[in-house]
Amino acid sequence: MTVTLAIVGAGARGTAYARIAAAEGTGKVVAVVDPDPARRAAAATEFAIPAEHVYPGWEDLAAQPRLADAAIIATPDRLHADPAVALAERGYALLLEKPMAPTPADAERIVAAVIRNDVLLAVCHVLRYTPYSRRLKAIVDSGRVGQIVSVEHLEPVGWWHQAHSYVRGQWAVEAESSAMLLAKSSHDIDWLGHIIGRPVTRVSSFGGLFHFRPENRPPGATARCLDCPVERSCTYSAVRIYGRFLDDPVYRQWPLGVLTDDPTPAGLRKALEDGPYGTCVYTGRNDVVDHQVVNLEYDGGVTASFTMTAFTALDFRKTRIFGTLGSIDGDGRTLTIHDFLTDTRETIDFDPDGGASAADGHGGADTELIRAFLAAVATGDHALITSGPQESIASHHVVWAAEHARQTGTVVAVSAPATVTPPQHLPA
């Protein structure tokens, strides 16, 4: 079965998911929604979408009889809830970019709508779906390292990625998107809960905006990198960061594709002259954190620490799991299991499909998610999706609790969200 898809939001993420679905041969894009005429036209051309199924707003799509089996919702964070609810009411299966929504009320509206209408919801917590994560989860669940006692987990965001997305870019201002922990690291809070397999009971958190502040602007720096006298010695020079991607076919799509539709020296220069990506990182427009730690206590006393930091190379997450019978060290490429009884180590090597960035599909994670989603829609087997409504709303509530803890300097108890038992879905 070929699953038909409507794309709601034809930016970098929506287009990337659509391309994977088309490349897999089991998905076909038949409708697109985007307020930007150029993006609409580009998507319509790339996916051969008929003109009558090209819309400027999600309301236009929702007003029609259902045109596709599923909808991919990749609008900005604060514009997820309304199209998700409306399209669930129309009977679309939903692939929803994370975060579900910036507020608990909107996220819970989405969950209620998909359960009420008995439609599939997959939230794009792509880390769950990689061969690396699946193997790690199987090892933990097998009891090979005994009971998990504690976990250390690091998200190395990457110095230039932080500058691109969270200082100059779309997620720089919390009021316009969401908190950094929700926008970026909800992946990690969700993944930790998935691997540990227990609900969170209490959280604390610390962090803030340490570096990307006006008081750290180098003497003599100007508002834009192109005319800045200290640009050559600035680590966060937009000229240097983006210029090195011009000859890279992968990174021309992202991040350069976010800046310009003309990935040439002239096109890049114009983007840096006119757009936000050419501005100094020390202007003070941004307000999301550039480093944060979250301490988590799970049911039964299991603990975990999570660190997000901008000040790294962009790389795969690093994780250390400490069990009563052994430990596991993982870096996205390998898992090393230490057996305490025999005092021996086994290393399992993986071959991720590319690097850790969005340009590389998060090391193949995006592809694995799309495969699982298309199969779940085609077969009706919702068990193929592990990031469904209940799992995702639970991990989002942990993120909101952690942000409250950070802002108030308190330890916050996490209450389990109310659950509604959805109908059972079996393979066709």
Side-chain angles (χ1 to χ4, degrees), residues 5-14 17-18 31-36 39 55-64 66-126 170-171 173-187 189-190 288 369 373 377 382 385 387-404 415-420 422:
L5 300 165
I7 307 303
V8 183
R13 298 304 293 154
Y17 292 138
V32 66
V33 174
D34 198 282
D36 183 278
R39 285 203 296 258
Y55 305 105
W58 64 263
E59 299 91 343
D60 303 303
L61 176 64
Q64 308 297 320
R66 184 161 65 90
L67 301 175
D69 300 309
I72 297 175
I73 299 179
T75 52
D77 297 355
R78 292 186 174 272
L79 302 178
H80 282 179
D82 287 341
V85 170
L87 295 177
E89 299 285 358
R90 277 292 187 191
Y92 286 85
L94 300 179
L95 182 71
L96 178 63
E97 184 57 287
K98 66 91 189 115
M100 298 173 72
T103 67
D106 275 346
E108 287 160 0
R109 276 206 298 136
I110 295 170
V111 171
V114 299
I115 291 175
R116 181 172 63 250
N117 291 282
D118 189 19
V119 296
L120 173 68
L121 170 66
V123 179
C124 295
H125 288 304
V126 297
Q170 182 177 347
W171 296 276
V173 179
E174 181 174 340
E176 297 174 3
S177 55
S178 57
M180 181 77 176
L181 192 66
L182 189 63
K184 184 74 172 75
S185 302
S186 57
H187 275 317
I189 301 301
D190 176 80
V288 300
L369 168 66
F373 179 71
V377 175
H382 292 197
I385 296 301
S387 54
Q390 307 290 14
E391 301 93 342
S392 297
I393 193 67
S395 65
H396 276 55
H397 273 288
V398 176
V399 173
W400 288 313
E403 269 301 283
H404 181 65
S415 300
T419 59
V420 177

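In what follows, every heavy atom counts, from backbone to side chain, and hydrogens, waters and symmetry copies are set aside.
- Smallest separation of non-hydrogen atoms from Asp106 and Ala101: CB-CB, 3.6 Å.
- Contact between Asp190 and Ser395 at its shortest, heavy atoms only, is OD1-OG, 3.0 Å.
- Looking only at distances, a side-chain donor or acceptor of Glu391 sits under 3.5 Å from a matching main-chain atom of Gly388.
- Rounding to the nearest 0.5 Å gives a distance of 9.5 Å between CG of Asp34 and OG1 of Thr75.
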Do Tyr17 and Ile7 pass the side-chain contact (heavy atoms from CB on, under 4.5 Å) test, and can you show the C-alpha distance, the side-chain angles, and the key distance before you say yes or no? CA-CA 9 Å; Tyr17 292 138; Ile7 307 303; over 6 Å; no

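- Atoms CG and CD1, on Leu369 and Ile385 in that order, are 6.0 Å from each other to the nearest 0.5 Å.
- The heavy-atom pair separating Leu121 from Pro389 by the smallest distance is O-CD, 3.7 Å.
- Residues Trp171 and Asp77 form a side-chain contact, since some pair of their non-hydrogen atoms from C-beta on lies under 4.5 Å apart.
- Atom CG of Leu79 and atom CD1 of Ile73 lie 11.0 Å apart (nearest 0.5 Å).
- Every residue two or more places apart in sequence or in another chain that forms a side-chain contact (heavy atoms from CB on, under 4.5 Å) with Val288 is listed here: Tyr166, Glu174, Met180.
- Within the structure, salt bridge (charged side-chain N to carboxylate O under 4.0 Å, His left out) contacts touching residues 85-103 (residues at least two apart or in different chains) are Arg13-Glu97, Glu89-Arg116.
- A pairwise comparison of heavy atoms in Gly57 and Val33 identifies C-CG1, 3.3 Å as the closest pair.
- Rounding to the nearest 0.5 Å places CG of Leu94 at 8.5 Å from CD1 of Ile110.
- The nearest pair of heavy atoms linking Glu403 to Leu181 is OE2-CB, 4.0 Å.
- Between Leu182 and Trp400 the shortest side-chain heavy-atom distance falls below 4.5 Å.
- The distance from the CH2 atom of Trp58 to the CG atom of Asp82 is 5.0 Å, given to the nearest 0.5 Å.
- Looking at residues two or more places apart in sequence or on another chain, you find a side-chain contact (heavy atoms from CB on, under 4.5 Å) between Glu176 and Val173, Arg285.
- Counting only residues at least two apart or on different chains, the ring pair (Phe, Tyr, Trp, His ring centres under 6.0 Å) pairs with a member in residues 107-126 are His125-His187, His125-His396.
- Taken from CG in Leu95 to SG in Cys124, the straight-line distance is 3.5 Å, to the nearest 0.5 Å.
- In plain terms, the two heavy atoms of Ala6 and Ala68 that are nearest each other are N-CB, 3.8 Å.
- Looking at residues two or more places apart in sequence or on another chain, you find a side-chain contact (heavy atoms from CB on, under 4.5 Å) between Asp69 and Met1, Val3, Thr4, Arg66, Val377.
- Residues Val32 and Arg39 form no side-chain contact, since every pair of their non-hydrogen atoms from C-beta on lies 4.5 Å or further apart.
- Here ring pair (Phe, Tyr, Trp, His ring centres under 6.0 Å) pairs that include residues 78-118, with residues two or more places apart or in two chains, number zero.
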